[in-house]
Amino acid sequence: MTVHAFIDEQPETGPAITPLKVEGRRTTDTGSAGQWQLIWQKFSRNKVAVFSGWVILFFFFIGIFAEFLAPSVPDASRPQFTNAPPQQLGFFVTEEDGSRRFQLHVTGYAMEVDPASLRRTYVPDPEQHVPVGLFVRGAPYKMWGLFNADLHLLGPLNPSDTMYLLGTDRLGRDLLTRLIYGTRISMSIGVVGVCISLLLGVVLGAISGFYGGIVDTLTQRVIEVISSMPTIPLWLGLAAAIPLSWSPLTVYFVITLIVSLFGWTGLAREVRGRFFALRGEDFVTAAKLDGSSERRVIFRHILPSLTSHILAVVTLALPTMIVAETALSFLGIGLKAPIVSWGVLLQEAQNVRTIANAPWQLIWPAGTVVVTVLAYNFLGDGMRDAADPYES
């Protein structure tokens with residue numbers, strides 16, 4: 001008897017063929033995800049870095065819409081309210097019959113005279129209420145230097161009333177308004193300075209490490225000369241060389257250039273060292289044999305492998321630029337009035353009398369600098385870790 005075996009020719013299905021597991025809309029299979037998707041997935045799991053990123057975006061939002069967000073204009077002053085303390089923002093007022101109703105307001109001021117020095121001072125008076133509102137008309141300004149407007153996010157309903165949520169300075173100017181306007185200058189000077197430093201450091205470091213020889217020797221000698229210069233005396237000399245007739249905008253760009261010219265040398269050396277290590281790798285040799293030009297090998301094959309390192313350097317360089325501008329302006333060799341920056345605000349609060357009588361002039365600008373620097377550092381740590389998504 002012949003036994004016939006019947007073979008089922010249908011394709012085998014089983015555990016070997018399984019669909020991708022999906023969490024919401026995001027795949028958990030790292031083998032099928034792209035590089036940027038892996039970077040974002042790992043970065044989004046770092047809650048501290050994500051929160052720091054939102055803080056940085058919040059400061060940039062304030063800088064972009066400074067005119068609208070500020071209650072007044074930075075140069076508006078009321079000498080009678082010199083060094084006035086912060087007013088407290090309230091939401092409810094009590095009527096004569098004891099009922100409470102919703103009304104945005106700030107506490108008013110009561111004048112006191114020191115019997116010893118006969119100096120007139122203002123103190124918050126909880127019995128006085130200055131009504132404030134949202135989207136109110138106030139001091140006119142020029143939005144982004146393009147068109148005239150007078151709409152403010154928050155301000156007193158009566159433009160002649162006072163609203164100093166963070167107090168005033170020695171000339172009776174609103175500190176909150178000046179802090180908001182200073183955010184634009186201090187945040188932008190970091191971005192512009194880092195862009196210049198990044199361009200110089202990556203390009204010169206890549207060329208030096210890729211070609212070597214006389215090109216590398218000359219580049220390294222230039223870096224050594226720049227690194228050996230004492231920065232404070234050099235900044236003093238460069239600041240003294242700036243003509244007084246230059247406009248504030250020109251001075252701003254010159255200070256940005258000065259700060260960035262000393263921030264690229266470290267990045268250039270690090271990129272050069274990485275190029276020395278990678279230029280003999282197999283993928284570089286394969287790209288050359290495939291006919292790729294030297295520029296394509298540098299910028300398309302080698303530099304992308306340095307993404308994590310460059311991200312770490314950039315995010316650490318941004319707070320360094322902000323602190324450098326703040327330090328220069330604090331020492332009086334950086335930005336100066338009428339430009340408003342965090343360093344300029346700190347410069348006005350560097351005497352002991354101001355710290356004793358009006359400590360808010362030091363606390364708020366210094367606190368803003370500290371929060372920004374910490375947020376950049378936490379964001380940089382998260383981006384550096386996320387840029388290596390395959391690392392366990």
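Side chains of T219 and I207 form no contact here, defined as non-hydrogen atoms less than 4.5 Å apart. For the pair P124 and P85, the minimum side-chain heavy-atom distance is below 4.5 Å. Taking 4.5 Å as the limit, every side-chain heavy atom of V373 sits out of range of all side-chain heavy atoms of L318.
To the nearest 0.5 Å, the span separating CD1 on I226 from CZ on R221 amounts to 12.5 Å. To the nearest 0.5 angstrom, M383 atom CE is 12.0 Å from S52 atom OG. To the nearest 0.5 Å, atom CZ of residue R279 and atom CD1 of residue I298 are 11.0 Å apart. Atoms CG and CZ, on D150 and R137 in that order, are 4.5 Å from each other to the nearest 0.5 Å. Distance OH/Y109 to CG/D125: 11.5 Å, rounded to 0.5 Å. Between the CG atom in L204 and the CG atom in L218 there is a gap of 11.5 Å [rounded to 0.5 Å].
Using cut-offs of 30° and 60° for the angle between ring planes, the F59 and W342 rings count as perpendicular. Using a 30° and 60° split on the angle between ring planes, W144 and F147 fall in the perpendicular class, above 60°. Ring planes of H105 and H129: tilted class, angle from 30 to 60°.
In R269, the CZ atom is crowded: over 12 heavy atoms of neighbouring residues, nucleotides or ligands sit closer than 6.0 Å. When the shell of 6.0 Å around CZ of R295 is examined, it contains 12 or fewer heavy atoms from other residues, nucleotides or ligands. The number of heavy-atom neighbours closer than 6.0 Å to CZ of F276, taken from other residues, nucleotides and ligands shown, is above 12. More than 12 heavy-atom neighbours from other residues, nucleotides or ligands sit within 6.0 angstrom of CZ on F283. Residue-environment remark: CG (N148) exceeds the threshold of 12 foreign heavy atoms within 6.0 Å. Surrounding CH2 of W364 are at most 12 heavy atoms belonging to other residues, nucleotides or ligands under 6.0 Å away. Environment of CD in Q103: crowded, with over 12 heavy atoms of neighbouring residues, nucleotides or ligands closer than 6.0 Å.
With hydrogens and angles disregarded, a donor-acceptor distance shorter than 3.5 Å links the side chain of Q87 to the backbone of Y164. Between the side chain of R272 and the backbone N or O of G205, no donor-acceptor pair lies under 3.5 Å. A donor-acceptor pair under 3.5 Å links the side-chain atoms of T168 to the main chain of N83, judged by distance alone. In this structure a side-chain-to-backbone donor-acceptor pair under 3.5 Å is present from N46 to A49.
The two residues P71 and T177 make their nearest non-hydrogen contact at CD-OG1, 3.3 Å. The minimum heavy-atom distance linking V136 with L154 is given by the pair CG2-C, 4.2 Å. Nearest heavy atoms, I189 versus S186: CG2-O, 3.2 Å. Closest heavy-atom contact between F92 and R100: CB-NH2, 3.2 Å. Contact detail for L179 and L166: the closest heavy-atom pair is CD2-CD1, 4.0 Å. Here the closest heavy-atom approach between residue V340 and residue I185 is recorded as O-CG1, 3.2 Å.
There is no side-chain donor-acceptor pair under 3.5 Å between T354 and E348. A side-chain N or O of E325 and one of S329 form a donor-acceptor pair less than 3.5 Å apart. In summary, the side chains of S208 and D216 do present a donor paired with an acceptor at a separation below 3.5 Å, with no hydrogens or angles considered. Side-chain N/O atoms of T107 and Q128 include no donor and acceptor closer than 3.5 Å. With hydrogens and angles left out, the side-chain atoms of D290 and S292 include no donor and acceptor closer than 3.5 Å. Using modelled atom types and a 3.5 Å distance limit, the side chains of Y181 and E67 yield no donor-acceptor pair.
The ring of Y141 has its center closer than 6.0 angstrom to the ring center of H152.
Hydrophobic clustering of Ile, Leu, Val, Met, Phe, Trp and Tyr side chains at less than 4.5 Å, counting indirect connections, unites I196 with M229. Two different hydrophobic clusters hold L157 and F91 under the rule that ILVMFWY side chains link at heavy-atom gaps under 4.5 Å. Residues I223 and L199 are members of one and the same hydrophobic cluster, defined by side-chain heavy-atom contacts under 4.5 angstrom among Ile, Leu, Val, Met, Phe, Trp and Tyr. With hydrophobic clusters built from ILVMFWY side chains whose heavy atoms lie under 4.5 angstrom apart, V215 shares a cluster with L267. By the criterion of side-chain heavy atoms lying less than 4.5 angstrom apart, applied directly or through intervening Ile, Leu, Val, Met, Phe, Trp or Tyr residues, V93 is not grouped with M163; the two fall into different hydrophobic clusters.
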side-chain contact (heavy atoms from CB on, under 4.5 Å) between F65 and F60: does it pass, once the steps are laid out? CA-CA 9 Å; F65 299 99; F60 275 111; over 6 Å; no
Is there a side-chain contact (heavy atoms from CB on, under 4.5 Å) between W360 and L175? Walk through the geometry before answering. CA-CA 9 Å; W360 52 86; L175 184 59; 3.9 Å; yes
Derivation of the side-chain contact (heavy atoms from CB on, under 4.5 Å) call for I302 and F210: CA-CA 10 Å; I302 302 181; F210 185 80; 4.1 Å; yes
How far apart are the C-alpha atoms of I322 and M187, what are their side-chain angles, what is the distance that settles it, and do they pass the side-chain contact (heavy atoms from CB on, under 4.5 Å) test? CA-CA 7 Å; I322 295 175; M187 293 297 288; 4.1 Å; yes
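Residues forming a salt bridge (charged side-chain N to carboxylate O under 4.0 Å, His left out) with R170 (at least two apart in sequence, or on another chain): none. E270 pairs by the side-chain hydrogen bond (donor to acceptor under 3.5 Å, both in side chains) definition with H309, not counting sequence neighbours.
Between R178 and D169 there is a salt bridge, with a side-chain nitrogen of the basic residue lying less than 4.0 Å from a carboxylate oxygen of the acidic one.
Chaining together hydrophobic side chains whose heavy atoms lie under 4.5 Å apart places V370 alongside V48, L374, F378.
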